[in-house]
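Beneath this line is the structure, given in structure tokens, with notes to follow.
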2 protein chains.
Amino acid sequence: MRWDTLEEEPCSLARTVAVIGDRWSLLILRECFLRVRRFEEFQSKLGITRHLLADRLKKFVRYGVLRRARYQESPARYEYILTQRGLDLYPVVMSIVHWGDMHMVDERGRPLLHEHKNCGKLFDPVMICSECGEPLEAKQVHTHPGPGAPKAGAASA
Amino acid sequence: MRWDTLEEEPCSLARTVAVIGDRWSLLILRECFLRVRRFEEFQSKLGITRHLLADRLKKFVRYGVLRRARYQESPARYEYILTQRGLDLYPVVMSIVHWGDMHMVDERGRPLLHEHKNCGKLFDPVMICSECGEPLEAKQVHTHPGPGAPKAGAASA
DNA sequence: CGTTACAGTTCTAAAAAGGAACTGTCAAGC
DNA sequence: GCTTGACAGTTCCTTTTTAGAACTGTAACG
């Protein structure tokens, strides 16, 4: 498997990994959901090298996760805003945060709490089945090849 | 931010990224959920270099995501099995797959379909609020510093 | 006129990943 | 009893990525 063709793999996980599958991409995404939008702000909060930041932001724009919007003329200045496609990554980010909250906290507790504006309560994200509404567990799921599956027994998910 | 101290960051996302935040780790995890357990099997399905595979498996064992179980004596042979901690990564994997299913499929459709054994139907994963049961959207969530938050305004999630 | 803010780009050194071959234990076949 | 093959790695060397720091260009501020 080569990285430059990862997005063409017959596997939805591999294709998504082509977009968000490195450390900086996920950390940048975290900042996006915390309302960070500008180059200098990403850079100073993350301590990422400017070169990589420019690279990752370009990649996100190319994949339609962020859009580059001019917020000032002369000199032209741009900020990076989550598109709907980017907002749709929220479950990915939240499930990662939740795993960390469950398995990687120290004795002091969680660094961040989440409040659901709809109900006003602090919550955890729960993943359920769209059909029956029951919480999902790995052992209760069976997979089948779909229409986009490869011919032979190659890996996919 | 340095990678060797990533797991000590006051941020549940960063800590989880220290465990699963690279391309191969996520792909290896996918194989685990597809019931792959052995070194040679991971290697041939993924095309990962043996060196990196050995490295990543060790890391997963160290973090308690996989356990290394002897399945044969003389010569001693081991396989890698998801622990409960590893099984708890299922929502992470499923949310990544689902985003790919929504945004990265080609005209042929999804490579893989998921059936929920409880209800017998093909499903999508849906992330809901543990308190009110409504589907979660990024814009409906507000964050507060938790007990493990850093003193000043440093980044965390 | 000098300094600062912002959004990058360029350069070199260090770290990580890729690729291929090698190690060691055992079983099966000739 | 010698060779081949399976399995689970390790070692060595090359190529690619990333880190770290400095530099570029535009324009406002004092």
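In what follows, every chain begins at residue 1, and chains take the letters A, B, ... in the order their sequences are listed.
For the pair B/Arg37 and B/Glu79, the salt-bridge criterion is met [side-chain N within less than 4.0 Å of a carboxylate O]. With respect to A/Asp106 and B/Arg15, a salt bridge is recorded, a charged nitrogen being found less than 4.0 Å from a carboxylate O.
Base engagement by A/Thr49 is indicated by at least one non-hydrogen atom pair under 4.0 Å involving a base atom. Backbone-only contact: A/Tyr71 has heavy atoms under 4.0 Å from sugar-phosphate atoms and none from a base.
Taking for each of A/Pro75 and A/Leu52 the nucleotide of DNA chain D with the nearest heavy atom, the 5'-most of the two is the partner of A/Leu52.
Among residues two or more places apart in sequence or in another chain, the side chain to side chain contact (heavy atoms under 4.5 Å, CB included) test is passed with B/Pro145 by B/Ala149.
Remark: P of D/dA6 and CD of B/Gln43 are 14 Å apart, rounded to the nearest angstrom. For the pair A/Asp22 CG and D/dA19 P, the interatomic distance rounds to 10 Å; values are reported in whole Å. Straight-line distance from the CD atom of B/Glu73 to the P atom of C/dG24: 22 Å, rounded to whole Å. If you take CZ of A/Arg38 and C1' of C/dC6, they are 10 Å apart, rounded to a whole angstrom. Spacing between atom CD1 of A/Ile28 and atom C1' of C/dA7 amounts to 15 Å, rounded to whole angstrom units. One can place NE2 of A/His51 at 14 Å from P of C/dT12, the figure rounded to the nearest angstrom. Atom-to-atom, CG of A/Leu66 to C1' of C/dA7 comes out at 16 Å; the value is rounded to the nearest Å. At whole-Å resolution of the value, OH in B/Tyr78 and P in D/dT10 are 12 Å apart.
Distance from the side chain of A/Arg56 is smallest to D/dT18 among D/dT26, C/dA17, D/dT18. For B/Arg50, the listed nucleotide lying nearest its side chain is D/dT10; candidates were C/dT9, D/dT10, C/dC6. When the nucleotides C/dG8, D/dT10, C/dG24 are ranked by their closest atom to the side chain of A/Phe39, C/dG8 comes out on top. In the set D/dA19, C/dC26, C/dG8, the nucleotide with an atom closest to the side chain of B/Ser74 is C/dC26. With distances taken from any side-chain atom of B/Ala54 to the nucleotides C/dA7, D/dT10, C/dG8, the minimum falls on D/dT10.
The shortest distance between the side-chain N/O atoms of A/Tyr80 and the OP1/OP2 oxygens of C/dC6 is not below 4.0 Å. Dashed line: the shortest gap from a side-chain N or O of A/Arg68 to OP1 or OP2 of C/dG8 is under 4.0 Å. Checking the phosphate oxygens (OP1, OP2) of C/dC6, no side-chain nitrogen or oxygen of A/Arg70 falls inside 4.0 Å. Dashed line: the shortest gap from a side-chain N or O of B/Lys58 to OP1 or OP2 of D/dT10 is under 4.0 Å. At the phosphate of D/dA19, OP1 or OP2 sits under 4.0 Å from a side-chain N or O atom of A/Trp24.
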Legend entry - ring-ring contact (aromatic ring centres under 6.0 Å, His included) assessment of A/Phe60 paired with A/Tyr80: CA-CA 9 Å; A/Phe60 277 150; A/Tyr80 295 88; 9.6 Å; no
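Taking the six-membered ring wherever Trp is involved, the centroid distance between the rings of A/His142 and A/His144 falls below 6.0 Å.
For the pair B/Arg77 and B/Tyr71, the cation-pi test (distance below 6.0 Å, angle within 45°) is failed.
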